[in-house]
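Heads up, the thing below is written out as structure tokens.
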2 protein chains.
Amino acid sequence: MTDKATANERVYSAIRWEILAGDRHPGQPLKTAELCKRFESGVGVVRESLLRLAEHGLVQVRPMQGFRVPELTADDLRDLTEARLDIEPLALRYSVTQGGAEWESHLVGAHHLLTVTPKQDNSGKRYSPEWGKAHGAFHTALIAGCRNRRVLGIAQRLRDTAELYRRWSTGPQEDTADDHRGLLDAALARDADLAVDLLTARIRATHDVLSQHL
Amino acid sequence: MTDKATANERVYSAIRWEILAGDRHPGQPLKTAELCKRFESGVGVVRESLLRLAEHGLVQVRPMQGFRVPELTADDLRDLTEARLDIEPLALRYSVTQGGAEWESHLVGAHHLLTVTPKQDNSGKRYSPEWGKAHGAFHTALIAGCRNRRVLGIAQRLRDTAELYRRWSTGPQEDTADDHRGLLDAALARDADLAVDLLTARIRATHDVLSQHL
DNA sequence: GGTGGACAAATATTCGAGTATATGCATGAT
DNA sequence: ATCATGCATATACTCGAATATTTGTCCACC
């Protein structure tokens, strides 16, 4: 066996990534039969993965009616933004306060990768998958210094869903390079108040852009 | 068929309740074979339920080593309390601000049930399961006015875990009737600041009592 | 006595066939 | 034309046997 992890873990990660990367449209059904063939696994493994994802809201499930990619609505985006504004600052404050040298190191590296990754895909209409990945990794690194695993996990899941919305926005590309630079500097300077201000401004700006497309 | 819901949902709720009610000791393995016999279902259903619960931290899972009831530690309690102090006030504030007549009605009813339910079990050393249930229902009703389903769900899950710690505390019983009365009055008076103060005081007090038993 | 390796038992994981439910379509009645 | 009913198909759900892995035990060997 070349696989170290269980099939469950493989399929879970694969489906999760497909959704976050935007390979599937919001509202699209996720049929077990199709996923079984694609991942060469039995129906049980696929169901277990989908149910786990559903528990975090990354797929919708209705009994006896199967699974589907969540619909994106203006109402849901409002709730999501509200929750992010309430909770992500908590994680960021802990991170900036508690993060050590290793945290700084990863953060600097993640920011560098973000700056050198092309933002748009070939069509020029969407964020490139690579940039989306680098962007998510930067924000993950930003709060990764938070020692409280619960708060960190909650914030991270909110970010994942926000990334899903971003993936499906087709609107004008903001210029966010300065914002990210500012966040990095504030974090490295251990200026929690400034970092939180910048982050909340980013979240609000993201909301305004995305809400125009729903 | 007498069952309306799927077997999955039945087993999920049953296992969840057994854990929250304290029928199983922290750290105790949850063997699929045993659960299958008890709930008269196949192994797939039990696994799906356990994996879903694991996603919220209500059971621990390690690949190829099965499932178990989470261990309760002082470190984890500290993280949990910190997260509760950060997040539950958010949900309470929304609830007190946004809750309608129906919310008030359920809240008053839940409080009444709490006041008339005996607090201790027969041995006098533990909280009675009925009181635990009523206590959880009161706090759930308290924040149920929050319209943001995400914030509400996050707060509720933190409360569930806190209830698990409470269930396993064997220490001196606090007198909490006044606190609950105060919370009810503040909520009905729509005094969010006061309600939040009372709630945070309660969370801190709970932490102090529970941390002595770990 | 302690160590390590082979074997056996217990347990977790995976798979696919069998069953239950939902969905779409055709038919007929109001 | 609209709605209801029944049938056919597609899909979800469940089960238990088959497989893979871990855990425990015994024994040879140092």
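Keep in mind that the numbers below use all heavy atoms, side chains included, and drop hydrogens, waters and symmetry copies. Every chain is numbered from 1, with letters handed out A, B, ... down the list of sequences.
Taking atom CZ on A/R10 and atom C1' on D/dA20, their separation rounds to 14 Å, with Å as the unit. We find that CD of A/E40 is positioned 14 Å from C1' of C/dT14, with the value rounded to whole Å. If you take CZ of A/R62 and P of C/dT21, they are 17 Å apart, rounded to a whole angstrom. Between the OH atom of A/Y12 and the P atom of C/dT14 there is a distance of 15 Å, given to the nearest Å. B/E48 has its CD atom 12 Å from the C1' atom of D/dC15, to the nearest Å. One atom, CZ of B/R52, and another, C1' of D/dC13, lie 13 Å apart when rounded to the nearest Å. Nucleotide C/dT21 holds its P atom 15 Å from the CG atom of B/N8, rounded to whole Å. The distance from atom CZ of B/F39 to atom P of D/dT14 is 14 Å, rounded to the nearest whole Å.
Of the listed nucleotides (D/dC13, C/dT14, D/dT23), D/dT23 has the atom at the smallest distance from the side chain of B/Q65. Ranking D/dT22, D/dA12, D/dT14 by closeness to the A/K31 side chain, first place goes to D/dA12. When distances run from any side-chain atom of B/V43 to the nucleotides C/dA12, C/dA17, D/dA17, the shortest one goes to D/dA17. Listed candidates were C/dC15, D/dT11, C/dT13. Nearest to the side chain of B/T32 is C/dT13. The side chain of B/V45 lies closest to D/dT14 when the candidates are D/dT14, C/dT14, C/dT11. Minimum atom distance to the side chain of A/S41 is reached by C/dC15, of the listed C/dC15, C/dT14, D/dT14.
A sub-4.0 Å separation between OP1 or OP2 of C/dA12 and a side-chain N or O of B/R47 is absent.
There is no side-chain donor-acceptor pair under 3.5 Å between B/R78 and A/N148. B/K133 and B/S128 share no donor-acceptor pair across their side chains, judged by distance under 3.5 Å alone. No side-chain N or O of B/H56 forms a donor-acceptor pair with one of A/H56 less than 3.5 Å apart.
Between the side chain of A/R24 and the backbone N or O of A/I19, no donor-acceptor pair lies under 3.5 Å.
Along DNA chain C, the nucleotide nearest to A/G42 and the one nearest to A/P63 differ in position, and the one closer to the 5' end is contacted by A/G42.
Distance check, rounded to the nearest 0.5 Å: CZ of A/R147 to CD of B/E82 gives 10.0 Å.
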